[in-house]
There are 2 protein chains.
Amino acid sequence: MSTQDRLIESTRELLWERGYVGTSPKAIQERAGAGQGSMYHHFKGKPDLALAAITRTAEELRGAAERALGGAGSAYERIAAYLTRERDVLRGCPVGRLTMDPDVVADDRLRAPVDETLGWLRGRLAQIVQEGLDQGEFPPGLDPDETAALLVATVQGGYVLARSSGSPEAFDTAVRGALALLRPHA
Amino acid sequence: MSTQDRLIESTRELLWERGYVGTSPKAIQERAGAGQGSMYHHFKGKPDLALAAITRTAEELRGAAERALGGAGSAYERIAAYLTRERDVLRGCPVGRLTMDPDVVADDRLRAPVDETLGWLRGRLAQIVQEGLDQGEFPPGLDPDETAALLVATVQGGYVLARSSGSPEAFDTAVRGALALLRPHA
DNA sequence: GTCTATAGAGTGATAGAC
DNA sequence: GTCTATCACTCTATAGAC
């Protein structure tokens, strides 16, 4: 792995653990085993490096989500597969947590990949809900966009509940609540 | 308002805007119009002041929630009143956002009021769901705890979606999705 | 491409005068 | 109870040698 790659990976880890405000170039360099000059040779500064890290994390998240959502099974089963996929719940969402970082939200270039990822996820879930409607799996009145937003919010909010209590239990409980309301029972 | 109160209020604002890691004693003092010595006279340090601020914010949040949840109307109507109550959506939740602050989650004394507040909210909502079940308002299989966790997660996750997109729209969409699934249609 | 040296500003806190 | 002075340290970045 190149020094450049190690810098990006270290930044990804630190952004996940401590957020943008809580992550210093010095900490990144130490974790990557690189010096000051090395970092500033490859990247213009902290925002530039963060953008590279966030972009890579966003791509990975889309891949992981698509592996669950694009699998086999009914619409409900694919949604359930996504909601219950293996997660390091107490670490939170590496993309969603960035929305609580004031310096990320204030910078359009840093916020863009976050917004695109969550927007893509909402759209992808809405597609699947629509498929479920077409198959008569869900009640005809169900709104795909609203339901998709609800599902993404459940996951993001589940992380908040879990981290607040220090246990993944609350995340799973919220997810079960969502699946119970969505489950076809006709 | 006393200097002590101004320090707490300034801390509350800054914790909401920038989180714990992003809030410095200096910034607090400037906003409160107080000097260094003044702050360290009233509080032992940053964690001590943050605890006072978080405690007060948590109390206010419970009050605001109870005003919606303890009102008149059916269970569904009170839940809807809570979900759609006036919110400064793009500012996020002053309590929930603290769960993304590593230094808050790592400190049991700071995490406690956050956990207690979200725990109380889950319990209060579960109570109301149970009332709805008793009244035959909701389908008999509905689990109060799961549903309550789902509702709190919807709100917390709705903030994430809204801040990601820079618009409150996504929050409202997720809330509509939750209310649509919960609405009595018998 | 990587290193060390340096810089000005900020961080969180203490000391002691008033 | 509030102020200023000071502290050791960290933050983000630049300069320039190798």
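Labels below follow one simple rule: chain letters A, B, ... track the order of the sequence lines, proteins then strands, and each chain is numbered from 1.
Not a single salt bridge (charged side-chain N to carboxylate O under 4.0 Å, His left out) links A:Glu59 to another residue, sequence neighbours left out. With sequence neighbours excluded, the residues satisfying salt bridge (charged side-chain N to carboxylate O under 4.0 Å, His left out) with B:Asp5 are B:Arg56. Every residue two or more places apart in sequence or in another chain was checked for a salt bridge (charged side-chain N to carboxylate O under 4.0 Å, His left out) with B:Arg6, and none qualifies.
Taking five base pairs at each end of the helix from C:dG1-D:dC18 to C:dC18-D:dG1, the local helix axes there meet at an angle of 0°, rounded to 10°.
Rounded to an integer number of Å, the gap from B:His41 NE2 to C:dG12 P is 21 Å. Rounded to an integer number of Å, the gap from CZ of B:Phe43 to C1' of D:dG1 is 13 Å. Protein atom CD of B:Glu30 is 17 Å distant from nucleotide atom P of D:dT2, rounded to whole Å. For the pair B:Asp5 CG and D:dG1 C1', the computed distance is 15 Å after rounding to whole Å.
Applying the salt bridge (charged side-chain N to carboxylate O under 4.0 Å, His left out) test to pairs two or more places apart or on separate chains, those with a residue in residues 23-42 of chain B are B:Glu13-B:Arg31, B:Glu17-B:Arg31. Within the structure, the salt bridge (charged side-chain N to carboxylate O under 4.0 Å, His left out) test picks out no pair touching residues 42-53 of chain B (sequence neighbours left out). Among pairs with a residue in residues 120-130 of chain A, those fulfilling side chain to side chain donor-acceptor pair (under 3.5 Å) read A:Glu66-A:Arg124, A:Arg124-A:Gln127, A:Gln130-A:Asp134, at least two apart in sequence or across chains.
OP1 or OP2 of D:dT2 sits under 4.0 Å from a side-chain N or O of B:Thr3.
With a 4.5 Å cut-off between side-chain heavy atoms of Ile, Leu, Val, Met, Phe, Trp and Tyr, the cluster of B:Leu14 takes in B:Leu7, B:Ile8, B:Ile28, B:Met39, B:Tyr40, B:Phe43, B:Leu49.
Between the side chains of A:Glu169 and A:Thr173, a donor-acceptor pair is found at a separation under 3.5 Å. With 3.5 Å as the limit, one finds no donor-acceptor pair spanning the side chains of B:Arg18 and B:Thr23.
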Can you list, pair by pair, the side-chain donor-acceptor contacts under 3.5 Å of residues 147-162 of chain B, counting residues two or more places apart and other chains?
from	atom 1	to	atom 2	distance (Å)
B:Thr147	OG1	B:Asp143	O	2.7
B:Thr154	OG1	B:Leu150	O	2.7
B:Tyr159	OH	B:Arg87	NE	2.9

Side chains of residues 90-100 of chain B: which donor-acceptor partners sit under 3.5 Å, not counting sequence neighbours?
from	atom 1	to	atom 2	distance (Å)
B:Arg97	NE	B:Trp16	O	3.4
B:Arg97	NH2	A:Met100	O	2.5
B:Thr99	OG1	B:Gly96	O	2.7

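A heavy atom closer than 4.0 Å to some atom of DNA chain D occurs in no member of residues 100-113 of chain A.
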Sequence-aligned protein contact record of nucleotides 4-18 of chain D, with B where the base is within under 4.0 Å of a protein heavy atom and S where only the sugar-phosphate is:
B------SSBB----
